[in-house]
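Data block below; observations after.
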Amino acid sequence: MTVHNSEIAVLFDRLADLLDIEGANPFRVRAYRNAAQMLRGHPRDMDSLIKQNEDLTELPGIGKDLAEKIKTIVETGKLPALQEVEARTPGVLSDLMKIQGLGPKRVKALYKNLGIRSIDDLRRAAASGRIRELEGFGAKTEQMIHERLEHFTGKEQRTRLFEAEAVVNSLLEHLRRHKGVKDVTVAGSFRRRRETVGDLDILVTAKKGADVIDHFVKYDEVAEVISKGTTRSTVHLRSGLSVDLRVVPQVSYGAALHYFTGSKAHNIAVRTRGVKKGYKINEYGVFRKDKRIAGRTEEEVYESVGLPYIPPELRENRGELEAARKGKLPELITVKDIRGDLHCHTNATDGHHTLKQMADAAAERGYEYMSINDHSRHVTVAHGLDKKRLLEQIRAIDKINEKLEGFTVLKSIELDILEDGTLDLPDGVLKELDLTVCSVHYKFNLSRSRQTDRILRAMDNPYFNILAHPGGRLINERDPYPVDMEKVARGALERGCFLEVNAQPSRLDLTDEDCKMVKEMGLRVSVATDAHSTSNLDLMRFGVDQARRGWLEKGDVINTRSLRELKKLLKRK
DNA sequence: GCCGTTTTCGGCCCGACTGTTTTCAGTCG
């Protein structure tokens, strides 16, 4: 049974919460939280690192003690240090910390004075009016707790990036309508292009902050004003998203943008570098004593700590500072590098447009090639292609290609990987294709080892080229199926196959961590839209964003190659 | 608990907003 990084992270976070409540050294608490965060963003499972005898203390924020604790968790599934603390302090108190406005001190006071341990206890206490009697609490705090509890579900809901984009545009228009507003920028995880955002962080430069904030909270989508000062404000929108607005003077724009883009861990690391040079870095600038020495642009901020500019997508404290220091930052892929789309459907199955329409749309976007990948017969709901219909499509593509100049439609398919690892159509027809994209569409509930074997067996077929949406997840809708992605990637590398970064914004599959993992392995990927309509071809930018977050460069992505080079790459040994 | 071209000990990012306080603690990002 493999213990995953996220499970180790949960234990560390819980221990951090309980130690925090007990009033332990806050830096010790932070060490556990940092470790948890590092683990969540690490591309490879600790389990596999330990098996390969790698030194865990090489990982950022992991010393001798935490390395031992990780080993213990991987071997036993348990963290004895947590069990010791839980003997003194109930573990469920950690749940109370998840309520916005309740931190370690208040949770401790509620527990010590009112015996509140669980969310249910807290509900009863808030309803009975006992909380306001506590020292340091009052009627407003009790009311706040009462209201937060009404919407509390226990799990954090993040909004998918493309949905956040839809919300943000009209809000930006509203802000720009105010005369005092100069620059408006969306920062935070939105700017880092994370697949989901927790809230929207918007930075505005203006002389009079208070006026802008007054204008901001009057936006007609605002459901509730959480806080409102002269330089920052937080609101909840009707859509459910929260928005943080921050107003700074123009001279602080770069420092503020850096601060507000995050991630938090990246900021701390940069500021710590500043401290070592005798600087203080905050959202207003870089200061030596009280003198501002930088801050108008982000470049200036990085320069002040001796680093080149680091693109937002890399700012997760996953090694980007070290890479920057050594001059080894990746030259991230851009949308312009993409020369073709290698996963597109037509109305022959579940797409909305004809072969001709799709080809024209791809050519209009400046591509040199595209592949047509309709479903195979197993996907009956999409009226998947059997051998006969595929052969008809192949002939249709040949006809279209005769008429096109400087653009080629590649003959392909999205082939189902059957439960036993065979492919859904016979080799006799697959050999007529330029490439295949293969995917798992059913039997998601196999064990991790069986799912992994199923995919590897499929890759043994010499006509297998690209594994589509390798994890099978739908963000916020369906978890990925259990699979050993590292083993799958290694299998692909050994066999001359590739993995896909599916650009559908609800898929974004491979994940950013997995992109980084396969890059370090030397495996290349295809970034493709899985377009089901002509307009879907424009989703490419989301896939490229994800690839950038995974440190991918042009050379790591096969559909940045010319058609000739691509065909060479696709030839299996 | 981590970490080191100032350090193996003594630091550890920094500021805004709220509520309960009469100057600040708690929380958040």
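The sequence lines fix the lettering, A, B, ..., with proteins before strands; numbering per chain opens at 1.
- The phosphate of B:dG26 (OP1 or OP2) has no side-chain N or O of A:Lys108 nearer than 4.0 angstrom.
- Candidate nucleotides B:dG29, B:dC17, B:dC14 were compared by shortest atom distance to the side chain of A:Arg271, and B:dC14 ranks first.
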>> Between A:Phe216 and A:His178, is the ring pair (Phe, Tyr, Trp, His ring centres under 6.0 Å) condition met? List the steps.
In response: CA-CA 9 Å; A:Phe216 169 62; A:His178 190 273; over 10 Å; no

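- Atom CZ in A:Arg30 sits about 19 Å away from atom P in B:dG10, given to the nearest Å.
- Proximity note for A:Ser227 (side chain, C-beta onward) versus B:dC17, B:dG1, B:dT27: the nearest is B:dC17.
- Below the 3.5 angstrom threshold, one finds no donor paired with an acceptor across the side chain of A:Asn267 and the base of B:dG29.
- When each of B:dG1, B:dG15, B:dG29 is scored by its nearest atom to the side-chain atoms of A:Asp65, the top-ranked nucleotide is B:dG1.
- Contact annotation: A:Tyr284 side-chain N/O to B:dA16 OP1/OP2 distance is under 4.0 Å.
- Candidate nucleotides B:dA16, B:dC13, B:dT20 were compared by shortest atom distance to the side chain of A:Thr272, and B:dC13 ranks first.
- For A:Thr231, no side-chain nitrogen or oxygen approaches OP1 or OP2 of B:dA16 to under 4.0 Å.
- Contact annotation: A:Lys264 side-chain N/O to B:dG29 OP1/OP2 distance is not under 4.0 Å.
- Taking the side chain of A:Arg232 as heavy atoms from C-beta on, and the options B:dT18, B:dG1, B:dG15, the nearest nucleotide is B:dG15.
- Taking the P atom of each, B:dC14 and B:dC9 are spaced 25 Å apart, rounded to whole Å.
- For A:Lys280, taking side-chain heavy atoms from C-beta onward, the closest of the listed nucleotides B:dG1, B:dG29, B:dC14 is B:dC14.
- Listed pair A:Gln143 / B:dG19 fails the phosphate criterion, with no side-chain N or O lying under 4.0 Å from OP1 or OP2.
- Nearest to the side chain of A:Asn282, among B:dC12, B:dG15, B:dG29, sits B:dG15.
- Side chain of A:Ile268, nearest nucleotide from B:dT27, B:dC2, B:dC13: B:dC13.
- Nucleotide B:dG15 has B:dC28 as its partner under the Watson-Crick or G-U criteria, with both atom distances under 3.5 Å.
- Nearest to the side-chain atoms of A:Lys105 among the listed nucleotides B:dT27, B:dC13, B:dG1 stands B:dT27.
- Between B:dC28 and A:Thr234, no contact under 4.0 Å exists linking OP1 or OP2 to a side-chain N or O.
- Note that the CD1 atom of A:Ile131 and the OG1 atom of A:Thr141 stand 9.5 Å from one another [nearest 0.5 Å].
- One finds no side-chain N or O of A:Lys277 lying less than 4.0 angstrom from the OP1 or OP2 phosphate oxygen of B:dT5.
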